[in-house]
Amino acid sequence: MDQEGFRKAAHAVVEHIIEYNSTLPNRPVLPKIQPGYLRDLIPSNAPEQPEPWPLIQADVESQIIPGLTHWQSPNFMAFFPALVTYPSLLGEMYSAAFTAPAFNWLCSPACTELETIVMDWVAKALALPDCFLSTSSGGGGGVIHGSASEALVTTMVAARERYLRVRADAEGLRNGTMERDDRIAFLRGRLVALSSDQAHSSTQKGALITGTRYRSISTSLSEDLSLTAPRLEEALQQCHADGLEPYYLTLTLGTTSTCAVDDFASIATLRSQYPNLWIHIDAAYAGAALILQVYQAQYSQDIGRVSDSFNFNMHKWLLVNFDASCLFVQNRNHLTRALSINPSYLQNSFTESGLVTDYRDWQIPLGRRFRALKIWFVMRSYGVEGLRTHVENSLRVGETFTAMVVERRDLFEIIATPRFALTCLRLRPDVAAAARMKQRQVNEKIYMSGDTELPHPRSDRIASLGASDTGEGQMLKVDAQSNLPGHDGAEQASETLANNLTKDIADLINSRGEIFITPTTTARKTLIRVVSGNPAASKEHAKKAFDIIVRTTEEVLDKCRQDEDLRN
């Protein structure tokens with residue numbers, strides 16, 4: 001492909017992308033394909049001769065797009081958003097054209113220097129404390145990573161090395177001695193990372209990667225699934241009683257299941273008692289809400305008081321496409337001391353001068369992409385005010401959905417406080433129990449009439465509660481007396497039934513593909529998560545989603561009421 005061929009192909013691709021975006025609201029969100037579908041469509045060997053671009057592009061529409069989940073659809077309300085905008089796409093085009101691995105300043109000075117500048121832009125837009133700026137006296141700064149999980153593992157390595165170094169220094173052990181090495185090896189085996197039971201699994205995975213232990217700290221619905229200082233202090237004391245050395249704690253601003261927020265203010269009061277404990281705030285999705293002053297006033301200063309590092313993903317809610325995960329640290333020396341390796345082929349006078357930043361020492365990989373361009377383009381194209389407007393619109397859509405759920409309290413209950421445009425709902429246990437009781441009464445009437453050989457409806461049985469197009473269903477063991485008034489275990493049976501039916505509702509909705517939602521389980525309750533950060537989403541999309549959920553819920557309940565095929 002020469003320059004003229006690229007010009008024609010690029011124009012065709014741009015037109016195709018625009019057409020794809022314009023048709024997204026009318027496409028099923030989830031693909032209707034089976035695993036392995038692509039193997040039958042693509043030859044098993046690469047072509048020997050070159051193929052023309054029009055033929056290649058045609059296969060994108062016929063073979064690739066049918067297998068896509070459309071994350072940019074306004075009907076995508078699952079997980080958390082993963083957005084892309086045209087300015088961000090343009091940044092990717094330039095980044096791909098320049099293709100600078102940018103592991104040190106000399107590789108392409110503009111890559112490094114723009115990243116430092118735009119990360120300060122982002123920190124200021126979120127009103128993060130000055131300690132996270134590259135110009136801070138304490139030596140803070142920001143770096144762009146691929147994901148929040150990558151940022152977490154990176155800081156975990158830095159935390160491990162800082163903790164071991166500080167302990168060895170405090171014991172007077174000199175560098176380079178076997179005594180110090182042996183002591184550090186012993187302590188490393190006792191290190192433990194902590195997070196709440198609501199935190200993302202990346203903390204546990206990070207502990208596996210760093211070769212340390214991991215413990216989760218329980219939370220409760222009565223405390224809105226937030227990790228509090230008393231619960232943390234109890235866990236820390238238990239670790240010390242067990243001979244363990246807590247070195248890392250993940251706090252969360254917007255947990256994955258429910259967008260719960262840990263109690264930063266109370267936990268900050270413990271910092272002086274545990275000065276060597278690295279505290280990281282994972283705000284992968286909800287950190288974007290700090291673009292609004294109402295959330296800045298609520299969280300920003302406490303973030304500076306409590307944490308060594310803070311991370312959020314612009315590629316979730318702030319209109320930059322994947323990957324663009326922003327990690328901020330109060331002291332970059334902890335990263336560079338833990339991660340800097342300086343072989344001869346990377347040495348240069350600029351690095352040795354100490355006047356430049358080499359971001360290879362702020363991350364685990366060596367090479368890195370020019371991701372600062374797309375952040376620069378988006379922030380300039382929208383302005384901070386445009387980003388605020390986008391987030392505010394998402395919040396309004398979320399509030400609309402929450403209000404509709406509240407209006408149907410006869411059918412649903414909300415679990416955890418709706419936050420950051422996320423609402424978590426489930427079928428009410430009493431509604432589930434009533435549907436099951438109706439079926440039991442029907443079966444008992446049939447049994448007493450002698451018209452069937454059904455087992456007595458008061459016996460134990462396995463009830464098929466599924467309601468999917470494929471006939472697959474969750475299987476639940478039910479004691480026939482357990483839902484009777486006053487019977488021990490009635491509440492638990494109703495909870496279990498509500499969990500199963502809620503999961504059936506979500507699975508049936510997703511199997512049909514009109515919208516995409518996520519079921520999750522927290523505090524032993526199965527929930528349906530509904531969140532939309534899409535800039536094209538409106539209140540009408542929220543109403544459509546709720547109508548689908550109500551309609552499907554009634555369908556599943558009817559199935560439960562009408563099912564007469566009970567077995568021992």
Side-chain angles (χ1 to χ4, degrees), residues 77-80 197-198 219-226 254-260 398-439 463-468 473-478 482-483 489-512 514-532 542-561:
M77 300 179 180
F79 304 114
F80 285 124
D197 57 4
Q198 300 301 307
T219 58
S220 72
L221 278 171
S222 63
E223 295 173 327
D224 211 5
L225 300 173
S226 175
T255 59
T256 302
S257 284
T258 66
C259 266
E399 290 165 359
T400 297
F401 184 86
T402 301
M404 289 186 290
V405 178
V406 170
E407 288 177 1
R408 289 305 308 265
R409 283 177 296 223
D410 60 310
L411 200 56
F412 303 114
E413 62 178 354
I414 292 176
I415 302 299
T417 302
R419 288 189 181 92
F420 308 117
L422 172 69
T423 306
C424 297
L425 68 150
R426 72 194 291 247
L427 183 66
R428 284 176 49 146
D430 59 333
V431 174
R436 192 68 191 90
M437 180 62 71
K438 176 68 174 177
Q439 172 56 37
S464 176
L465 298 174
S468 68
Q474 300 288 327
M475 300 300 290
L476 171 67
K477 189 170 183 177
V478 178
S482 63
N483 282 337
E491 182 178 351
Q492 182 57 48
S494 297
E495 284 283 328
T496 304
L497 186 58
N499 285 343
N500 280 275
L501 293 180
T502 299
K503 181 66 162 57
D504 283 344
I505 292 163
D507 288 347
L508 183 53
I509 288 170
N510 287 339
S511 73
R512 292 169 176 169
E514 289 183 85
I515 62 172
F516 186 20
I517 55 178
T518 309
T520 189
T521 299
T522 192
R524 297 184 297 280
K525 299 179 187 294
T526 298
L527 319 173
I528 293 174
R529 301 170 68 262
V530 178
V531 59
S532 177
K543 292 175 182 177
K544 172 187 174 182
F546 188 69
D547 288 344
I548 290 172
I549 292 172
V550 170
R551 203 164 57 238
T552 309
T553 297
E554 291 171 345
E555 182 181 345
V556 170
L557 288 174
D558 285 344
K559 174 72 163 59
C560 184
R561 295 185 189 104

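Numbers here simply count residues along the sequence, with the first being 1. All of these numbers come straight from a predicted model, not from anything done at the bench.
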Closest contact, heavy atoms only, [X] versus [Y]:
{"X": "Ala498", "Y": "Pro429", "result": "CB-CA, 3.7 Å"}
{"X": "Met404", "Y": "Ala542", "result": "CE-O, 3.4 Å"}
{"X": "Leu501", "Y": "Ala432", "result": "CD1-CB, 3.9 Å"}
{"X": "Met77", "Y": "Ser532", "result": "CG-CB, 4.2 Å"}

Quick one: [atom1] on [X] to [atom2] on [Y], what's the gap to the nearest 0.5 Å?
{"X": "Glu554", "Y": "Leu557", "atom1": "CD", "atom2": "CG", "answer": "7.5 Å"}
{"X": "Asp507", "Y": "Arg512", "atom1": "CG", "atom2": "CZ", "answer": "11.5 Å"}
{"X": "Leu425", "Y": "Thr402", "atom1": "CG", "atom2": "OG1", "answer": "9.0 Å"}
{"X": "Thr417", "Y": "Leu422", "atom1": "OG1", "atom2": "CG", "answer": "11.0 Å"}
{"X": "Leu508", "Y": "Arg551", "atom1": "CG", "atom2": "CZ", "answer": "10.5 Å"}
{"X": "Ile528", "Y": "Cys424", "atom1": "CD1", "atom2": "SG", "answer": "10.0 Å"}

Taking the side chain as C-beta and beyond, is there a heavy-atom pair between [X] and [Y] under 4.5 Å?
{"X": "Asp224", "Y": "Arg419", "value": "yes"}
{"X": "Phe420", "Y": "Phe80", "value": "no"}
{"X": "Thr553", "Y": "Val431", "value": "no"}
{"X": "Glu495", "Y": "Arg426", "value": "yes"}

Lys525 pairs by side-chain contact (heavy atoms from CB on, under 4.5 Å) with which of Thr502, Asn499, Thr520?
-> Asn499
Any chance the side chains of Ser257 and Thr255 put a donor and an acceptor closer than 3.5 Å?
-> no
Just checking, any donor-acceptor pair under 3.5 angstrom between side chains of Thr258 and Gln198?
-> no
Given Val405 and Val530, is the side-chain contact (heavy atoms from CB on, under 4.5 Å) satisfied, shown in steps?
-> CA-CA 11 Å; Val405 178; Val530 178; over 6 Å; no
For residues 398-409, pull every pair meeting salt bridge (charged side-chain N to carboxylate O under 4.0 Å, His left out), keeping only residues two or more places apart or in separate chains.
-> Arg408-Asp410
Yes or no on side-chain contact (heavy atoms from CB on, under 4.5 Å) for Phe401 and Val531, after CA distance, side-chain angles and deciding distance?
-> CA-CA 9 Å; Phe401 184 86; Val531 59; over 6 Å; no
Would a distance-only check, ignoring hydrogens and angles, find a side-chain to backbone donor-acceptor pair under 3.5 Å from Arg529 to Phe79?
-> yes
Between Asn510 (side chain) and Ile517 (backbone), is there a donor-acceptor pair under 3.5 Å?
-> yes
